[in-house]
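Computation of the quantities below employed the complete heavy-atom set of this structure, encompassing side-chain atoms and omitting hydrogens, waters and symmetry-equivalent molecules. If you're wondering where the values come from, they're calculated on a predicted model, not measured in any experiment.
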Amino acid sequence: KVKDKFFLLAYFVLVLAVSLVDFTSYAVAQPLHGLIQQTKRFAKGEKEAMEPLESPITEEVALLSESFAEMARALESRAEYIRNFAAQVSHEFKTPLTGIRGAVELLQEHEDAMSPEQRTRFLRNVAQDTDRLQRLTDRLLELARADVIDPNPETTELKVVLDDLAKRYKQRNVEISVSGANRMRAAIAPEIFETVLTNLLENSRQNGANRADVTLSRADGEIQLSIADNGSGVSPANAGHIFESFFTTRRDEGGTGLGLAIVRSLLRAYNGKISLEPSVTGAIFRVTVPEARG
């Protein structure tokens with residue numbers, strides 16, 4: 001009888017072991033195999049592979065699948081941004097490079113037959129296109145640094161920076177008034193905050209403004225700045241494009257269309273944001289930055 005009981009116990013242990021193997025295969029191995037196939041499909045460029053597994057079985061595999069899908073979507077979004085950005089950069093560089101090449105070829109082929117005035121004009125065109133390439137290169141480097149900036153824990157007393165900018169722009173015939181700045185401190189580095197405001201104020205000045213009113217307020221742990229100018233403003237047709245890289249209405253005057261893109265990237269690094277607000281006259285930008293704690 002003892003022997004029978006031993007064999008019966010051994011049988012139950014064997015059945016339990018087989019059941020555990022089957023359960024492990026069903027609950028872990030199969031979902032993990034599905035996740036592996038999903039990564040291979042994503043590597044081949046299948047956009048459907050960016051969705052979580054339909055039947056992850058366990059909560060842990062479900063979380064792993066959702067994390068992978070989120071990472072895949074982020075990578076695809078970044079890749080799409082790089083593709084579009086590369087195409088835009090190529091287009092922006094192509095125009096001045098074509099101008100330079102055309103002028104150089106004409107000078108090489110017809111220099112002897114050209115009048116001094118013609119040679120001067122062609123050389124001036126080459127210099128202008130070269131300057132545009134330099135501005136584009138400088139702004140692209142600024143945008144690249146803004147996209148990968150590592151935010152530091154510095155804070156900024158807004159009134160100090162705003163008072164300094166008001167003095168600086170008064171020399172450029174732009175009056176800046178500040179209201180509501182009663183010792184507000186933002187969780188953003190001073191040089192970043194200054195760069196953001198300088199870009200916005202420079203835009204105002206270049207669009208004919210001689211006055212900018214900055215109003216500060218706080219709510220829910222954030223500080224909001226409203227920058228309203230009396231310049232030519234932004235047309236409804238352009239309002240939806242002004243934060244796009246290379247969008248500018250001042251291309252003939254040397255505009256690169258990267259200033260607001262740089263501002264947006266800098267603010268995003270510090271959990272801030274910027275928007276264009278409706279206005280009857282001039283332009284109104286709203287900048288939001290986290291308020292410093294303590």
Minimum side-chain heavy-atom gap Gln224-Thr288 below 4.5 Å: yes
Pairwise distance CG(Leu201) to CD(Gln206) - rounded to 0.5 angstrom: 11.0 Å
Atom of Phe285, atom of Ile274 and distance for their closest heavy-atom approach: CD2-CD1, 4.0 Å
Common cluster, Val178/Val196, ILVMFWY with side-chain heavy-atom separation under 4.5 Å: yes
Cluster overlap Leu162 with Leu266, hydrophobic side-chain contacts below 4.5 Å: yes
Any donor-acceptor N/O pair, Asn238 side chain to Val234 backbone, under 3.5 Å: no
Arg101, CZ: over 12 other non-hydrogen atoms inside 6.0 angstrom: no
For Leu258 against Leu136, the heavy-atom pair lying closest together: CD1-O, 4.4 Å
Atom pair CG/CD of Leu106 and Glu109 - distance to nearest 0.5 Å: 6.5 Å
Shortest non-hydrogen separation from Pro151 to Ala269 and the atoms involved: CG-O, 3.4 Å
Any side-chain donor near an acceptor of the partner, Glu154 and Thr156, under 3.5 Å: no
Sequence-distant partners of Asn199, side-chain hydrogen bond (donor to acceptor under 3.5 Å, both in side chains), two or more places apart: Arg139
Hphob cluster co-occupancy, Met114 + Ile100, side-chain heavy atoms under 4.5 angstrom: no
hydrophobic_cluster_shared for Ile149 and Ile262, side chain cutoff 4.5 Å: yes
Non-hydrogen atoms of Val214 and Leu225 that approach each other most closely: CG1-CD2, 4.3 Å
Arg183 vs Lys159 side-chain heavy atoms within contact, under 4.5 Å: no
The single option from Glu202, Arg205, Glu175 passing side chain to side chain donor-acceptor pair (under 3.5 Å) against Tyr169: Glu202
Spatial distance of atom CZ (Phe243) from atom CG (Leu276) [nearest 0.5 Å]: 6.0 Å
Rounded distance (nearest 0.5 Å) linking atom CG of Asp138 with atom CD of Gln134: 4.5 Å
Any side-chain heavy-atom pair of Arg268 and Arg264 under 4.5 Å: yes
Considering all heavy atoms, the nearest Asp164-Arg168 contact: OD2-NH2, 2.7 Å
Inter-residue atom distance Leu158.CG - Leu165.CG, 0.5 Å rounding: 11.0 Å
Nearest-0.5 Å distance that lies between atom CG in Asn203 and atom OG1 in Thr198: 11.0 Å
Closest approach of Glu244 to Gly240 (non-hydrogen atoms, all atoms of both residues): OE2-O, 3.8 Å
Asn230 (side chain) donor-acceptor with Thr281 (main chain) under 3.5 angstrom: no
Cluster link Leu200 to Ile223, ILVMFWY, side chain under 4.5 Å: yes
side-chain hydrogen bond (donor to acceptor under 3.5 Å, both in side chains) partners for Ser204, two or more places apart: Asp229
